[in-house]
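Since we're looking at a predicted model, the values are computed, not measured. In listed order, ligands and their atoms are each counted from 1.
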Amino acid sequence: MRQQDDTENMPDVVLIGAGIMSATLGMMLKELQPNLKLEVFERLDVAAAESSDAWNNAGTGHSAFCELNYTPETPDGSIDTTKAVRIAESFEISKQFWAYLIQHNIIELPTSFIKNIPHMSFVWGEDNVNFLRKRYEAMVKCHLFDDMIYSEDREQLKEWVPLIMEGRDASEKVAATRMDLGTDVNFGALTRSMFKHLQEEAGVKMHFSHEVRKLRQREDGRWRVRVKDLKTGEKRNVYARYVFIGAGGGALPLLEKSDIPEGQGYGGFPVSGQWLKCTNREVIERHRAKVYGKAAVGSPPMSVPHLDTRYINGRRELLFGPYAGFSTKFLKKGSFFDLPKSIKPNNLRPMLSAGIKNLALTRYLIDQVRQSPEDRLEALRQYFPDAKAADWELEVAGQRVQIIKKDPEKGGVLEFGTEVVSGANCTLAALLGASPGASTAVSIMLGLLERCFMERLNTEEWQKKMKEMIPSYGQSLADNPQLLEKIRGYTSEVLGLVPAVEKK
Ligand SMILES: Cc1cc2nc3c(=O)[nH]c(=O)nc-3n(C[C@H](O)[C@H](O)[C@H](O)COP(=O)(O)OP(=O)(O)OC[C@H]3O[C@@H](n4cnc5c(N)ncnc54)[C@H](O)[C@@H]3O)c2cc1C
């Protein structure tokens, strides 16, 4: 196999992976510094074919309007809305950046990549209804959520979600909240438009079917990125000042290869997913909402079941799930050796400790894997009592790799969020974890810029551009109702969203 050292290839930045995270960082950096030399390496032959693809994720514009796991009940019985506020604010930041890209004709994307769709939480049973009422009362105290409506009225609920109410036991106590400001987002289409634009920019090179195999920092501080062209088998090196590992599930193995001390002790726990996809147009047209329920006891937060209206490639769709599962792959198109190969002496203890402490989760996943089609239908019928097996087919969703990290007291802990790990004077950063994910990509990348590009971010030029891209930059939307109203008005107009109006 021919090998070559291409020392001429010395970009400022290398982005590994062509998902929404690399796309967002690449777009932000290129807007902030147009003369930046950037190279992107993606192992597949198109962008956004892993978790960022529309069929591989739920497309929920996570704003904490409906996800009950973002508002835990504290031991004193009150509802903690801290995480919900943070996520809602993050999504407002994402919408501002997307509105900037569209308003400035930077990306060609029909506004239909994002659509208003009511976000609802639906529960049944006395305890759950009490929880939802309490959650609603806590949420509406914050202006980010003050358009939320709560109802226990069966007639009202029948109007909102006929499929969920028909055939349901009339004696059962039910309740729902509804936010008409909710959205469905085609993150795949968004990612591909961002890369389409980047590809046409001076100083940007995109390489599909190119897998990054090794990373090593040289004495001059540049990273030697070893890449294999999967079509020709050719290997070459690229020497970058800064590397972002936006490889989704593939980020952990690359972080391990970089050998930065900050990356030691991290492990990954893969959780796969499946959906039931509705094939009956009549049924699809009768539901118009993203309806999230309560996760089963012992289940991981990302397995909260939801009956979801989607808009994919201009068509309305209906999905139910996700059903969690276990696979040793870190990427949907990855290898079964991903998990075993990621186990190293430095993460063995954290992984074992986290495994022992999360036996309930392991049991839950085993049960999910063993589910029969009848079991899946049974789970769907809890939400849609009259569902017919013939109207649904099983689809494989994206793969998520949850973070396992060292913990001085517990040995190792399993986390369900995302984390940016950086090292070598912040010349290398990796994004681990998957939730709440694509919706918060802009805030995650803002955090990365603040951490790794602080000096330049403080310049007048970058500050000015940041405020142009994200008008609320540097201000709190959670603390400023007037600013939120103004910002929501602006993003709704540009993105074709109609806030606070109930639409059919
Ligand atoms: C079932 C499911 C439901 C979800 N629902 C939602 C939701 O409703 N809302 C939401 O906001 N988020 C959701 N998410 C999370 C969201 O999809 C992810 O957070 C997001 O897509 C991650 O983007 P990424 O760019 O980090 O990774 P990805 O989109 O996975 O992209 C990583 C890319 O890196 C490439 N790659 C990997 N290794 C290498 C290598 N060595 N060399 C070159 N390329 C490499 C891969 O091929 C891939 O294209 C969901 C995820 C799943 C799995």
Q.
Using a 4.0 Å cut-off to any heavy atom of G398, which atoms of ligand 1 qualify?
A. 53 (C)

Q) Does an N or O from Q399, backbone or side chain, lie closer than 3.5 Å to an N or O of ligand 1? A) no

Q.
Need the ligand 1 atom indices (1-based, order shown) with element for anything under 4.0 Å from a heavy-atom of F187.
A. 9 (N), 10 (C), 11 (O)

(Q) List ligand 1 atoms under 4.0 Å from L254, heavy atoms only on the residue side. (A) 41 (N)

Q) Do any heavy atoms of G246 fall under 4.0 Å from ligand 1? A) yes

Q.
Salt bridge check, R213 against E211: does any charged N sit closer than 4.0 Å to a carboxylate O?
A. yes

Q | Geometric class of the H210/H207 ring pair [parallel <30°, tilted 30-60°, perpendicular >60°] | A | tilted

Q: For ligand 1, note which part of L331 has a heavy atom under 4.0 Å away: side chain, backbone, both or neither.
A: side chain

Q | For atom 11 (O) of ligand 1, closest protein heavy-atom neighbour | A | S439 OG, 2.5 Å

(Q) Any salt bridge linking R178 with D180? Criterion: basic side-chain nitrogen under 4.0 Å from a carboxylate oxygen. (A) yes

Q.
I'd like to know if D12 and K37 make a salt bridge, using a cut-off of under 4.0 Å between side-chain N and carboxylate O.
A. no

Q. N/O of M21 under 3.5 Å from N/O of ligand 1, yes or no?
A. yes

Q. Which bit of S52 is near ligand 1, meaning a heavy atom under 4.0 Å away: side chain, backbone, both or neither?
A. both

Q) Do any nitrogen or oxygen atoms of R43 lie less than 3.5 angstrom from nitrogen or oxygen atoms of ligand 1? A) yes

Q.
Can you tell me which portion of R213 lies within the under-4.0 Å heavy-atom range of ligand 1? Options are side chain, backbone, both, or neither.
A. neither

**Q.** Heavy-atom gap K333 to ligand 1 smaller than 4.0 Å
**A.** no

Q. Is NZ or CZ of K83 both nearer than 6.0 Å to the six-membered ring centre of Y70 and within 45° of the ring axis?
A. no

Q: Answer yes or no: are there more than 12 heavy-atom neighbours, outside E108 itself, under 6.0 Å from its atom CD?
A: no

Q: Using atom types as modelled and distance alone, determine if a side-chain donor or acceptor of T418 lies under 3.5 Å from a backbone N or O of L432.
A: no

Q | Proximal candidate to atom 33 (C) of ligand 1 [heavy atom criterion; set E42, K257, E50] | A | E42

Q: Give yes if a backbone or side-chain nitrogen or oxygen of R400 is under 3.5 Å from a nitrogen or oxygen of ligand 1, and no if not.
A: no

Q) Are F122 and Y292 near enough that their ring centres are under 6.0 Å apart? A) no

Q: May I ask you to list the atoms of ligand 1 that are less than 4.0 angstrom from any heavy atom of G59?
A: 7 (C), 8 (O)

(Q) Is the distance between the ring centroids of Y242 and F453 under 6.0 Å? (A) yes

Q.
Taking the six-membered ring of Y311 as reference, does the cationic atom of K115 (NZ for Lys, CZ for Arg) lie under 6.0 Å from its centre and within 45° of its axis?
A. yes

Q. Does ligand 1 have a heavy atom under 4.0 Å from the side chain of T440, from its backbone, from both, or from neither?
A. neither

Q: May I ask you to identify, for I16, whether its side chain, its backbone, both or neither come under 4.0 Å of ligand 1 on a heavy-atom basis?
A: side chain

Q | G321 backbone acceptor or donor facing R376 side chain under 3.5 Å | A | no

